[in-house]
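What follows is a single structure, written as structure tokens, with notes after it.
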Amino acid sequence: MRALAWLLTVVLIAFVLGLAALTLGAFASLGSAAPLWLRSVGSLEHAISGQLGLGSLTNFARALGLAVLTSALAGLAAYIKPRA
């Protein structure tokens, strides 16, 4: 059971890192002063959101939703992590 909890923790952390990159890109695409590579990540997030049917939301709403989802998954990973 402990190994399963560690495996789930690692998978959740991987999802958190991916979502964190997309969240950073989404917030970077809100302004024009961000580096091009970061705005490109925001374009990737915009394309993924369009495929999921969330294209009608504003850019800020999508970025805020991603931030909430990312932090919730990070909290879940910390909660599931086995303790000594």
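In this chain, numbering begins with 1 at the start of the sequence shown.
One finds the NE2 atom of H46 at 8.5 Å from the OG atom of S29 (value rounded to the nearest 0.5 Å).
L24 and I13 are assigned to two separate hydrophobic clusters, defined by single-linkage of ILVMFWY side chains at heavy-atom distances under 4.5 Å. Under a hydrophobic clustering in which Ile, Leu, Val, Met, Phe, Trp and Tyr are joined whenever their side-chain heavy atoms come within less than 4.5 Å, directly or via other members, L69 and L64 fall into different clusters. Grouping the Ile, Leu, Val, Met, Phe, Trp and Tyr side chains by contacts below 4.5 angstrom, directly or via other members, places V41 with L52.
Residue pairs satisfying the salt bridge (Lys or Arg N to Asp or Glu O under 4.0 Å) criterion with at least one member in residues 9-28, sequence neighbours excluded, are absent.
Remark: A28 engages A34, L38 in a side chain to side chain contact (heavy atoms under 4.5 Å, CB included) (not counting sequence neighbours). Listed by chain and number, the residues in a side-chain hydrogen bond (donor to acceptor under 3.5 Å, both in side chains) with T70 are T23 (sequence neighbours excluded). With sequence neighbours left out, A72 forms a side chain to side chain contact (heavy atoms under 4.5 Å, CB included) with no residue at all. Judged as a side chain to side chain contact (heavy atoms under 4.5 Å, CB included), and not counting sequence neighbours, the contacts of L30 are F27, N59, F60. Every side chain to side chain contact (heavy atoms under 4.5 Å, CB included) that L12 has, sequence neighbours left out, goes to L8, L73, L76, A77, I80.
The two residues L66 and A26 come nearest to each other via the heavy atoms CD1-CB, 4.3 Å. Residues T9 and P82 come closest through the heavy atom pair OG1-CD, 4.2 Å.
Distance alone, capped at 3.5 Å, places no donor-acceptor pair between the R39 side chain and the G31 backbone. The backbone N or O of L57 sits less than 3.5 Å from a side-chain atom of R62, completing a donor-acceptor pair.
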